[in-house]
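Everything on this sheet refers to the single structure shown next.
We number each residue from 1, following the sequence as shown.
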Amino acid sequence: MQASKIARAWFGATALVVIAGLAAQIPVSAGTEGGTFHTPVGRVANLLAFFTIDSNILVGVGSLLLALGVAGRSTLFGVLRLTGLVGIIVTGVVFQVALADLYELHGWAQFADTMLHKVSPLMCVAGWLLFGPRGQLSWRVLWWSLLYPLIWLAVTLVRGAIIGFYPYPFVDPGINSYGGVAFNCVLIGVLFIGLAAAAVGFDRTFGRRDEPDDYLAPDPAESVERIRDAGTY
């Protein structure tokens with residue numbers, strides 16, 4: 001029971017980190033003039049074009065559901081958890097390798113950057129390693145999790161070709177050519193698949209136990225079976 005409370009507290013803290021980072025980033029983006037988008041609403045809406053923001057939202061939602069004890073053992077939640085986990089790792093790695101030195105940030109912009117690019121990835125990975133939940137990942141979940149980066153890439157390239165905006169230099173054909181963009185995307189795709197496969201392998205190795213994590217919402221089917229076994233139906 002104590003471990004369950006610690007796990008839920010950790011997940012709650014992770015969700016708060018994401019919320020704090022997004023809450024700081026929104027006014028920063030709204031007030032940053034110039035560029036492709038000329039209104040505060042347009043600049044805030046454009047935040048959804050960034051892989052960083054989307055990955056943090058997935059992590060925040062998954063962590064909040066776990067903290068509230070309403071996350072179950074469904075395939076959908078497994079996909080959400082794996083997609084957020086791998087997406088936030090890719091976010092942290094790519095940021096440190098390719099983006100960290102591109103901008104000099106101060107004040108709330110620096111705070112948001114730290115929360116979304118550094119603290120959130122570390123807390124998400126540490127929380128998953130320490131608390132799981134275990135036994136939720138499979139190769140089927142892995143393949144479904146690839147929809148997120150594929151859809152993000154397709155929308156980014158099509159939208160960029162139409163409006164001339166690309167959220168990151170490594171997906172901008174004007175900087176790298178389409179061949180360079182393809183090469184960059186293949187490298188990141190290999191990283192994404194490799195991390196997802198490693199997560200599934202870890203989960204299948206260390207998630208084989210009879211007792212499920214008690215901070216997960218009960219499976220309705222399991223609840224029915226328990227009632228029947230007790231003879232109270």
Side-chain angles (χ1 to χ4, degrees), residues 17-18 20-61 82-125 145-196:
V17 165
V18 172
L22 294 176
Q25 184 62 57
I26 288 172
V28 169
S29 296
T32 303
E33 299 181 354
T36 305
F37 304 93
H38 304 296
T39 66
V41 172
R43 291 190 287 270
V44 170
N46 188 56
L47 284 173
L48 292 175
F50 290 86
F51 194 86
T52 293
I53 299 298
D54 299 335
S55 296
N56 270 281
I57 290 174
L58 293 174
V59 168
V61 171
L82 181 60
T83 304
L85 173 68
V86 178
I88 206 68
I89 295 174
V90 171
T91 291
V93 171
V94 172
F95 175 78
Q96 294 300 326
V97 172
L99 303 174
D101 296 329
L102 295 181
Y103 309 99
E104 184 176 350
L105 304 175
H106 304 280
W108 287 110
Q110 186 177 26
F111 173 81
D113 176 79
T114 300
M115 292 294 104
L116 300 176
H117 284 118
K118 299 174 183 176
V119 181
S120 171
L122 289 174
M123 292 195 68
C124 178
V125 173
S145 72
L146 298 181
L147 280 178
Y148 161 52
L150 289 174
I151 291 174
W152 179 87
L153 178 61
V155 171
T156 296
L157 294 179
V158 172
R159 181 173 181 259
I162 295 172
I163 69 173
F165 173 83
Y166 297 89
Y168 304 108
F170 58 84
V171 291
D172 188 343
I175 298 175
N176 297 284
S177 78
Y178 280 101
V181 169
F183 179 76
N184 292 335
C185 291
V186 168
L187 286 180
I188 295 174
V190 169
L191 175 63
F192 198 103
I193 295 173
L195 289 170

Exercise. Considering residues at least two apart in sequence or located in another chain, which fulfil the ring-ring contact (aromatic ring centres under 6.0 Å, His included) criterion with Phe165?
Worked result: Phe37
Seminar exercise, completed: Correct closest heavy-atom pair for Tyr166 and Ala161 would be OH-N, 3.3 Å
Problem set entry | Heavy-atom closest contact (Pro121 atom, Met115 atom, distance) | CD-O, 4.4 Å
Seminar exercise, completed: Smallest heavy-atom separation, Ser120 atom then Leu116 atom, equals CB-O, 4.2 Å
For this session: Spell out, as yes or no, whether a donor-acceptor pair under 3.5 Å connects the side chain of Asn56 to the backbone of Val18.
Result: no
Exercise. Which heavy-atom pair separates Leu153 from Cys185 by the least distance, and what is that distance?
Worked result: CD1-SG, 3.4 Å
Under 3.5 Å, which donor-acceptor pairs do the side chains of residues 84-95 form with other protein atoms, sequence neighbours left out?
{"unit_1": "Thr91", "atom_1": "OG1", "unit_2": "Gly87", "atom_2": "O", "d": "2.9"}

For this session: Report the relative orientation of the aromatic rings in Phe111 and Trp108; use parallel for angles under 30°, tilted for 30 to 60°, perpendicular for over 60°.
Result: perpendicular
Problem set entry | Chi angles and distances behind the side-chain contact (heavy atoms from CB on, under 4.5 Å) call for Leu157, Val181 | CA-CA 10 Å; Leu157 294 179; Val181 169; 4.1 Å; yes
Seminar exercise, completed: Sorted by chain and number, sequence neighbours left out, side chain to side chain contact (heavy atoms under 4.5 Å, CB included) with Ala30 holds for Pro40, Val44
For this session: Determine the sole option in Thr52, Ile175, Asn184 for which the side chain to side chain contact (heavy atoms under 4.5 Å, CB included) test with Tyr168 is passed.
Result: Thr52
Problem set entry | Leu58 backbone acceptor or donor facing Tyr148 side chain under 3.5 Å | no
Problem set entry | Leu191 side chain near Leu187 side chain, heavy-atom distance below 4.5 Å | no
For this session: Report the C-alpha distance between Asp54 and Phe50 in whole Å, list the side-chain angles of each, state the deciding distance to 0.1 Å, and finish with yes or no for side-chain contact (heavy atoms from CB on, under 4.5 Å).
Result: CA-CA 6 Å; Asp54 299 335; Phe50 290 86; over 6 Å; no
For this session: Mind checking side chain to side chain contact (heavy atoms under 4.5 Å, CB included) for Val61 and listing every partner two or more places apart, or none if nothing turns up?
Result: Ile57, Leu65, Leu80
Exercise. What side-chain hydrogen bond (donor to acceptor under 3.5 Å, both in side chains) pairs are there with at least one residue in residues 149-164, not counting sequence neighbours?
Worked result: Asn46-Arg159
Seminar exercise, completed: Correct closest heavy-atom pair for Arg43 and His38 would be NH1-C, 3.4 Å
Exercise. Pairs in or reaching into residues 171-180: which pass side-chain hydrogen bond (donor to acceptor under 3.5 Å, both in side chains), with residues at least two apart or in two chains?
Worked result: none
